[in-house]
Amino acid sequence: MKNSLGNPARGAAFYPRESEVRKIYRVLDKGTSIYLSAPRRVGKTSILKHIEEFPQEGYFFVYVITESVDSENEFFKVIFEALIRSEAIGKLSKLYDTIKGGIESVLGRVKTVYHVEIREKGETDYFQILTDLFENIKPEFGHVVILIDEFPQTIQNILNSDGNEAAEHFIQKNRELRHHRHVLDKIHFVYTGSLSLFPMVEKVTELTAVNDLRTVEVAPLSLVEAQDFLTKLLEYDKVSLSVPLIRYVLEKMGWLIPFHLQLIAQEIVDVFEASEGGEITEKSIDQAFDQIVHLRNKPQFEPYFARLSALFKGNEYNFVFDVLEFIALQETISIDKILDFGVKHSVEETRRIMDILEGDGYLFKSDEKFYRYTSPILQMWCRKHICK
């Protein structure tokens, strides 16, 4: 299996996530839209790309990423453009003349509106255009599912750009879309992203705005899956490890997500090649782990910390880094110490911030009173390159 480090795994590079895929289809079969929940780098995008590329019969998937979108109308425009250009709608157009005619009609209106908007009317209402397109899709055609990646980041962008009221309106408008008469029972949505959705929604409105979504969690790989995945990654580069050595690697990793398995596989291969094909030992594995936090891997780790500056501002940002640095050096942090940092930085909503850090995969609560890093590898990076 080819190591697709840094990119969504496609085709033969995708490690089967059969449990997650089954859960997604089970929820969609019931006509419900989904929030695909998982921290950064667990494999959400790869799963979405996989089901888009290899859909079950009767399903038509359209993948769209909205990470850079910072306005409500632009969001619906991006979805509209992705739909009309998609292979899914192309297939439906060949099967059903009403889809083809509907698309041609809507496109004609968009072109007309485009010329008018410059002269007279203000910008095109892509929410309306989108629902008019959906009117031409009939339930008997199958399930049309729009996969929206980085949706929580879009909320954050709108919040940063236009404020709380605009962000709340955007969230409510998406709920309105899901319950629109041209959408119910025939169009479904899967939302995901590297930021947690629910804490983001709670920043601007009530969770009732998204309580119609069914949460499907993407878990780390099981021990058996991780062993199989790592073995296949290494086999591609003609490196073979004994079962005890594989288990030694996985014990040191702790958090068995595909991205970190790809990282360590890359370093093990480098150690193997540097030894000119010599025997791989526990000492070799330790060396690979030392190498994983070398500065050459900064592009893989820096986004974990750089993105915090977009998510948190001022005192909240300083509070977060005090917490992350403290745990990197001390292994754990108590609730009392968190509250102390809150007082130090005049931050009152420490619980909300800790929920975000936990939901986004930085930390986990080991018991009722202590947090620690979810990933020992991320902790190693922070200790070496972030701590003052």
Side-chain angles (χ1 to χ4, degrees), residues 1-67 78-79 82-83 86-88 142-154 187-198 200 210 213-230 232-233 253 255-263 265 300 303-304 359-361 374-375:
M1 177 179 287
K2 186 177 181 180
N3 194 335
S4 60
L5 180 66
N7 298 299
R10 307 289 295 270
F14 177 74
Y15 186 79
R17 308 296 296 273
E18 294 176 0
S19 175
E20 282 78 10
V21 171
R22 279 198 306 270
K23 284 189 285 187
I24 289 170
Y25 277 112
R26 187 163 62 245
V27 175
L28 291 175
D29 283 343
K30 296 175 182 177
T32 305
S33 290
I34 290 172
Y35 167 49
L36 193 63
S37 171
R40 180 179 175 83
R41 298 291 200 173
V42 172
K44 301 181 297 294
T45 300
S46 294
I47 291 171
L48 296 185
K49 290 284 191 179
H50 174 76
I51 61 177
E52 181 193 34
E53 191 173 0
F54 302 102
Q56 288 186 7
E57 185 175 353
Y59 276 90
F60 301 89
F61 293 99
V62 180
Y63 173 85
V64 56
I65 184 167
T66 63
E67 184 174 16
V78 167
I79 292 176
L83 271 165
S86 69
E87 184 177 336
H143 298 272
V144 175
V145 184
I146 303 171
L147 310 169
I148 304 176
D149 205 351
E150 298 299 350
F151 180 71
Q153 182 63 60
T154 306
I187 313 294
H188 311 298
F189 299 86
V190 177
Y191 302 92
T192 194
S194 53
L195 300 179
S196 295
L197 176 62
F198 298 141
M200 186 61 62
V210 291
L213 300 178
R214 169 73 181 276
T215 299
V216 173
E217 292 190 3
V218 180
L221 298 179
S222 69
L223 191 60
V224 172
E225 289 172 330
Q227 182 172 322
D228 182 53
F229 183 47
L230 182 57
K232 288 176 177 176
L233 288 173
M253 285 193 65
W255 198 36
L256 305 179
I257 64 172
F259 174 62
H260 288 173
L261 285 162
Q262 291 170 318
L263 269 175
Q300 310 301 337
Y304 279 105
D360 290 354
T374 305
S375 167

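Values below: all heavy atoms of this structure, side chains included; hydrogens, waters and symmetry mates excluded.
For the pair Tyr191 and Val210, the minimum side-chain heavy-atom distance is 4.5 Å or more. In this structure the side chain of Val190 never reaches within 4.5 angstrom of the side chain of Phe151, judged on heavy atoms. Put simply, the side chain of His260 reaches to within 4.5 Å of the side chain of Leu263, judged on heavy atoms. Residues Asp149 and Leu147 fail the side-chain proximity criterion, which asks for heavy atoms closer than 4.5 Å. Arg17 places a side-chain heavy atom less than 4.5 Å from the side chain of Leu221.
With rounding to the nearest 0.5 Å, the separation of OG in Ser33 from CD1 in Ile148 is 8.5 Å. Distance check, rounded to the nearest 0.5 Å: OG1 of Thr215 to NZ of Lys23 gives 11.0 Å. Ser196 contributes atom OG, which lies 4.0 Å from atom CG of Asp360 (distance to the nearest 0.5 angstrom). Rounding to the nearest 0.5 Å places CG of Leu83 at 4.5 Å from CD1 of Ile146. Once rounded to the nearest 0.5 Å, the distance linking CZ of Phe61 with NE2 of His188 reads 9.5 Å. The distance from atom CD1 of Ile79 to atom CZ of Phe189, rounded to the nearest 0.5 Å, is 6.5 Å.
Panel note: side chain Thr32, backbone Arg214; no donor-acceptor pair is recorded below 3.5 Å. The backbone N or O of Val218 lies less than 3.5 Å from no partner atom in the side chain of Lys44, so there is not a single donor-acceptor pair. For Glu150 (side chain) and Ser194 (main-chain N/O), a donor-acceptor pair under 3.5 Å exists by modelled atom type. For Thr192 (side chain) and Leu36 (main-chain N/O), a donor-acceptor pair under 3.5 Å exists by modelled atom type. Counting only distance, with no hydrogens or angles, the side chain of Asn3 and the backbone of Leu233 share no donor-acceptor pair below 3.5 Å.
The two residues Leu256 and Ala226 make their nearest non-hydrogen contact at CD1-CB, 3.8 Å. Closest approach of Pro39 and Gly361 over heavy atoms only: CB-CA, 3.3 Å. The two residues Glu52 and Tyr63 have their closest heavy-atom pair at OE2-N, 3.2 Å. In terms of heavy-atom proximity, Leu197 sits nearest to Tyr35 at N-OH, 3.0 Å. The two residues Val21 and His50 come nearest to each other via the heavy atoms CG2-CD2, 4.5 Å. Between Gly193 and Pro152, the shortest heavy-atom distance links the atoms CA-CD, 4.0 Å.
In this view, Glu53 and Arg10 satisfy the salt bridge (charged side-chain N to carboxylate O under 4.0 Å, His left out) rule, not counting sequence neighbours. Partners of Lys232 by salt bridge (charged side-chain N to carboxylate O under 4.0 Å, His left out), not counting sequence neighbours, listed by chain and number: Asp228.
In summary, of the residues considered (Gln56, Lys30, His143), a side chain to side chain contact (heavy atoms under 4.5 Å, CB included) with Tyr25 occurs for Gln56 alone. The residue from Phe229, Tyr15, Phe14 that alone fulfils the side chain to side chain contact (heavy atoms under 4.5 Å, CB included) condition with Pro258 is Phe229.
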Test side-chain contact (heavy atoms from CB on, under 4.5 Å) applied to Val145 and Ile51, step by step: CA-CA 10 Å; Val145 184; Ile51 61 177; over 6 Å; no
